[in-house]
J.: 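First, the structure itself, so that you have it in front of you.
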Amino acid sequence: MRAQSSAIDTTPIAVTAPREHRALGTGLAALGVASFSLTFPATAWGLEGFGPWTLVAVRCVLAALVAGGCLLAAGARPRAGGRAPEGVRLPGRQHLPGLAVVALGVVLGFPMLTTLALQTSTTAHAAVVVGLLPLTTAVFSALRHGSRPSRRFWLAAVAGAAAVLAFTIGQSGGALTAADGYLFAALLVCAAGYCEGGRLARVMPGWQVIGWALVLCLPLTVPAAAVALAYEPVHLTAHGVAGVLWVALGSQFLGLVVWYRGMAAIGVPRASQLQLAQPLLTLVWSALLLGEHFTAAAPLTAVAVLVCIAVTQRS
């Protein structure tokens, strides 16, 4: 195979009018946030029937099988002449380090750490702690890619994160646990994965970014799933099956597809601020699906978060 046959075209994805492009990117990123907001309640459902290691491994394998099927259906194979068909090309060597960061941070690290945290933490508490992810992602983006958001952007981002943190402390009474340690570690690895995924989504479609990352993890996740299933008991329930299917297909694949495409359109820092709304959406799902309760501080925090989002979008 020729060297250039496996390289991804580095020409940026074509856009239409800038304003329409930004609106579409914002909508896609918001759709990804809505999908992610169901992740913790779905994980709690999954833990009703599966052990934590089994849940993480099985969700990764299921998502990878779907992603691999989509890549094959789109023609992700070299032709007889040595060239990959148009539309989907095998990732080049220069993109493998970035895909590895996406795989370790988004595919493996974040699901594993948050699942371990949810064994002892409520979904409401976990959701609000992870609400610090937008600020963490913006910091990673500034350090990794040299982006320089305005001072107003940073003030709004810090204010939004402070509002989320205040809500967290109010809900938990200020107590920090081992689950919080898992959650803070999840923030770091996920932010790194988001930054690299957003960068790669500028040179290949977002669904291919997460698709290749999932497929690259199969040599690890398939044996891990086999071992976990052998050692952790499985009790099939409607909630357990529904939870696994959602975190595998909704959160791990489809949600990341639209999320990375949105980040490519509007930029990592701006897209990350939309996630300030994610904890509050998760609180709603936690109340509706799990029967968890939260105080009247939730709507006040929601207003503060929405104001911060509006400011960051205009900065």
Side-chain angles (χ1 to χ4, degrees), residues 28-50 52-64 66-67 102-103 105-134 136-137 164 168 179-180 182-191 193-194 197 206 210 213-214 217 221 239-260 262-263 271-272 274-290 292 294:
L28 291 173
L31 187 59
V33 170
S35 174
F36 300 153
S37 69
L38 275 164
T39 300
F40 287 171
T43 300
W45 272 9
L47 287 172
E48 294 180 12
F50 298 85
W53 297 101
T54 302
L55 177 59
V56 173
V58 168
R59 71 180 276 184
C60 291
V61 171
L62 290 177
V66 173
V102 174
V106 178
V107 176
L108 298 176
F110 186 80
M112 179 184 68
L113 292 166
T114 53
T115 299
L116 292 174
L118 286 172
Q119 289 187 284
T120 56
S121 172
T122 65
T123 60
H125 178 80
V128 183
V129 172
V130 175
L132 296 174
L133 183 58
T136 310
T137 304
V164 169
T168 304
D180 292 316
Y182 288 131
L183 294 171
F184 288 132
L187 287 174
L188 298 178
V189 298
C190 190
Y194 278 173
I210 186 58
L214 285 164
C217 288
T221 55
H239 279 181
V241 173
V244 170
L245 289 177
W246 178 259
V247 295
L249 305 181
S251 302
Q252 194 87 350
F253 182 57
L254 296 177
L256 285 169
V257 166
V258 295
W259 172 245
Y260 280 140
M263 282 199 298
S272 69
L274 293 174
Q275 283 197 302
L276 286 170
Q278 183 177 325
L280 304 172
L281 290 174
T282 299
L283 289 176
V284 174
W285 293 123
S286 298
L288 293 177
L289 301 178
L290 304 176
E292 293 185 3
F294 49 85

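Numbering starts at 1 and runs along the sequence shown.
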J.: Mind checking side-chain hydrogen bond (donor to acceptor under 3.5 Å, both in side chains) for T221 and listing every partner two or more places apart, or none if nothing turns up?
T.: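 Result, side-chain hydrogen bond (donor to acceptor under 3.5 Å, both in side chains) vs T221: none returned.
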
J.: Which distance, rounded to the nearest 0.5 Å, do you find between the OG1 of T54 and the CZ of R59?
T.: 13.5 Å

J.: Quick one: side-chain hydrogen bond (donor to acceptor under 3.5 Å, both in side chains) partners of S37, sequence neighbours excluded?
T.: W285

J.: Using 0.5 Å steps for rounding, measure from the CG atom of L113 to the CG atom of L183.
T.: 8.5 Å

J.: How many angstroms lie between atom CD of E292 and atom CG of L283, to the nearest 0.5 angstrom?
T.: 8.5 Å

J.: What heavy-atom pair brings V244 and L62 nearest, and what distance separates the two atoms?
T.: CG1-CD1, 3.8 Å

J.: Kindly compute the distance separating OG1 (T114) from CE (M112), expressed to the nearest 0.5 Å.
T.: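 Answer for the OG1-CE pair, T114 versus M112, is 9.5 Å.
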
J.: Once side-chain hydrogen bond (donor to acceptor under 3.5 Å, both in side chains) is applied, do any residues pair with E48, and if so which ones, sequence neighbours excluded?
T.: H239

J.: Closest approach of L274 and A29, non-hydrogen atoms and distance?
T.: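 Residues L274 and A29, closest heavy atoms: CD1-CB, 3.6 Å.
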
J.: Please give me the minimum heavy-atom distance between L289 and P41, naming the atom from each residue.
T.: CD1-CB, 4.3 Å

J.: Side chains of S251 and L38, heavy atoms from C-beta outward: is any pair under 4.5 Å?
T.: no

J.: Is a side-chain N or O of S35 found less than 3.5 angstrom from the main chain of G250, in a donor-acceptor match?
T.: yes

J.: Ignoring hydrogens and angles, tell me if any N or O in the side chain of Q119 forms a donor-acceptor pair with the backbone of P52 under 3.5 Å.
T.: no

J.: Do other residues, nucleotides or ligands put more than 12 heavy atoms under 6.0 Å from the CZ atom of F36?
T.: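 Count over threshold, so yes.
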
J.: What distance do L55 atom CG and W45 atom CH2 have between them, rounded to the nearest 0.5 Å?
T.: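 These two atoms lie 14.0 Å from each other.
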
J.: I need the minimum non-hydrogen distance between A126 and S121, along with the two atoms involved.
T.: N-OG, 3.8 Å

J.: Using every non-hydrogen atom in the two residues, find where G32 and W259 come nearest and quote the distance to one decimal.
T.: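 For G32 versus W259, the nearest heavy atoms are CA-CB, 4.4 Å.
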
J.: Give me the atom names and distance for the closest heavy-atom approach of L214 to A67.
T.: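 Closest approach of L214 to A67: CD1-CB, 3.9 Å.
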
J.: Taking it one step at a time, do L116 and W53 satisfy side chain to side chain contact (heavy atoms under 4.5 Å, CB included)?
T.: CA-CA 8 Å; L116 292 174; W53 297 101; 4.3 Å; yes

J.: Dump the intermediate steps for side chain to side chain contact (heavy atoms under 4.5 Å, CB included) on V257 and F253, then the final yes or no.
T.: CA-CA 6 Å; V257 166; F253 182 57; 4.0 Å; yes

J.: Compare all side-chain heavy atoms of L108 with those of C217 and state whether any distance is below 4.5 angstrom.
T.: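 Yes; the side chains approach each other to less than 4.5 Å.
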
J.: Can you find a pair of side-chain heavy atoms, one from V107 and one from I210, that are under 4.5 Å apart?
T.: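 A side-chain contact under 4.5 Å exists here.
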
J.: Would you call the rings of Y260 and Y194 parallel, tilted or perpendicular, taking 30° and 60° as the class edges?
T.: perpendicular

J.: Measuring from atom CZ of F40 to atom CG of L290, what distance do you get when rounded to the nearest 0.5 angstrom?
T.: 12.5 Å

